[in-house]
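First listed ligand is number 1; within each ligand, the first listed atom is number 1. What's counted below: heavy atoms across the whole structure, side chains too, no hydrogens, waters or symmetry copies. In what follows, residues are counted from 1 in the order of the sequence shown.
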Amino acid sequence: MHIFTTAAELRAYAEANRRAGRRLGLVPTMGALHAGHLQLVQAAAAECDEVIASIFVNPTQFNNPDDLRLYPRLPEQDTALLAGAGCAALFMPGVAEIYPQPTVLRFDFGPLERVMEGAHRPGHFNGVATVVSKLFHLARPHRAYFGQKDFQQVAIVRQLIADLSFDLELVVAPTVREADGLAMSSRNRRLSPEARAVAPVLYQVLQAAAQQVRQGVAPTEVQTNAYTELQQSAEFNTEYFEVADAQTLQPLAHYEAGRPVVLCVAAHLDGVRLIDNVVV
Ligand code: PAF
């Protein structure tokens with residue numbers, strides 16, 4: 001597996017492969033890899049000639065300095081996992097390589113980012129869109145792989161690709177879960193054993209809410225029930241629980257026939273911010 005730390009190396013690799021007619025798959029990550037990331041790499045390896053993964057803990061998408069400082073960093077372990085999963089090239093740049101100067105350009109995704117993660121983490125999606133755009137330009141992938149766990153991020157990246165005419169296909173893989181239902185996340189490593197034991201409640205609440213949506217329980221009632229259930233587990237500090245349209249991400253006052261609904265939650269547990277979602 002090639003390991004590149006400079007933009008020039010990645011650009012040259014992508015150019016050479018494109019000239020040779022090889023199809024490139026890109027898996028952008030922030031490292032501390034788990035089975036969800038490896039599933040993306042394996043999907044890319046099955047569908048593309050070469051898989052490029054990136055590991056970059058992107059400072060511009062963190063609105064909380066502690067979250068950035070404490071974000072797990074495991075470069076040696078990650079490198080071995082990627083090599084074993086069929087990755088051909090790993091891009092692992094430093095901050096100065098990606099941001100030689102502060103960016104001036106600002107992204108505004110309108111209503112799509114005024115809710116949920118965008119509303120609670122100001123500037124987050126500007127940082128995501130900035131780094132994802134840079135990675136798309138450098139790696140020039142034919143396909144780019146993202147996980148459904150970051151549901152709103154996927155919607156933002158889809159909009160980014162459409163608005164800036166990136167010539168690539170977005171591939172979205174389902175959330176990978178632990179045996180007890182907890183969505184895999186790099187942040188799970190920071191949970192204490194006690195917090196880890198209650199963490200699956202988040203998915204249980206989502207599942208109960210999904211059942212209520214299927215039964216036609218009104219969106220506001222589903223939301224209230226979910227907040228109540230999460231409050232019963234005193235360990236959770238719920239940031240939001242939304243019943244939203246799965247395409248526009250706007251909160252629903254009532255259901256519309258034929259339009260999928262997404263249930264999204266963000267909650268703090270043991271000082272760790274967890275998110276999860278279910279599409280109904
Ligand atoms: O989902 C992530 O890990 C990050 O937001 C991404 C897409 C790698 C951009 O930094």
Side-chain angles (χ1 to χ4, degrees), residues 4 7 10 25-41 43-44 51-64 67-75 77-79 81-82 85 87 89-99 103 105 107 109 112-113 116-118 120-139 141 143-161 164 166 168-176 183-190 249 264 266 272-277:
F4 303 133
L10 176 59
L26 174 68
V27 182
T29 84
M30 296 205 298
L33 303 178
H34 50 69
H37 294 115
L38 298 180
Q39 188 202 54
L40 297 179
V41 174
V51 182
I52 303 170
S54 63
I55 296 181
F56 179 61
V57 183
N58 175 33
T60 64
Q61 71 185 76
F62 285 82
N63 58 319
N64 176 342
D67 195 22
L68 173 60
R69 188 172 52 81
L70 296 171
Y71 201 86
R73 288 159 172 92
L74 303 161
Q77 187 178 310
D78 288 347
T79 306
L81 286 171
L82 287 171
C87 183
L90 167 59
F91 181 48
M92 236 184 337
V95 174
E97 187 67 20
I98 296 293
Y99 297 111
T103 53
L105 177 69
F107 290 87
F109 291 93
L112 216 48
E113 69 160 86
M116 303 192 288
E117 293 301 285
H120 287 83
R121 302 180 68 188
H124 172 65
F125 286 124
N126 181 63
V128 170
T130 302
V131 79
V132 168
S133 301
K134 284 173 181 268
L135 291 169
F136 285 172
H137 283 303
L138 296 174
R143 288 175 167 226
Y145 294 78
F146 290 80
Q148 193 198 299
K149 200 201 110 218
D150 295 296
F151 195 86
Q152 192 173 10
Q153 171 170 280
V154 167
I156 294 280
V157 171
R158 184 174 289 117
Q159 190 73 50
L160 179 78
I161 291 169
L164 295 184
F166 279 109
L168 59 87
E169 190 183 329
L170 173 65
V171 183
V172 184
T175 303
V176 178
M184 289 200 185
S185 162
S186 305
R187 290 185 174 87
N188 292 353
R189 294 173 188 277
R190 291 179 40 214
L249 304 190
C264 295
V272 181
R273 188 172 184 278
L274 300 176
I275 61 170
D276 199 354
N277 66 80

Exercise. Atom CG in Leu274, atom OG in Ser185: separation rounded to 0.5 Å?
Worked result: 6.5 Å

Seminar exercise, completed: Distance col, row Leu160:CG vs Gln153:CD, nearest 0.5 angstrom, shows 10.5 Å

Exercise. Using 4.0 Å as the upper bound for N to carboxylate O, is an ion pair formed by Arg273 and Glu117?
Worked result: yes

Exercise. Is the closest N or O pair between Thr29 and ligand 1 shorter than 3.5 Å?
Worked result: no

Identify, for [atom], the protein heavy atom at the shortest distance, and state residue, atom and that distance.
atom                    : value
atom 1 (O) of ligand 1  : Gln153 NE2, 2.8 Å
atom 3 (O) of ligand 1  : Met30 CG, 3.6 Å
atom 10 (O) of ligand 1 : Gln61 OE1, 2.6 Å

Per-atom contacts, ligand 1 versus [X] - under 4.0 Å to a heavy atom:
X      : answer
Phe146 : 7 (C)
Pro28  : 8 (C)
Val131 : 9 (C), 10 (O)

Exercise. In a check of side chain to side chain contact (heavy atoms under 4.5 Å, CB included) between Ile55 and each of Leu74, Val27, Thr79, Leu82, which one passes?
Worked result: Leu82

Exercise. Are the side chain of Thr175 and the backbone N or O of Ala183 linked by a donor-acceptor pair below 3.5 Å?
Worked result: no

Problem set entry | By ring pair (Phe, Tyr, Trp, His ring centres under 6.0 Å) - contacts of Phe4 (at least two apart) | His2, Tyr13

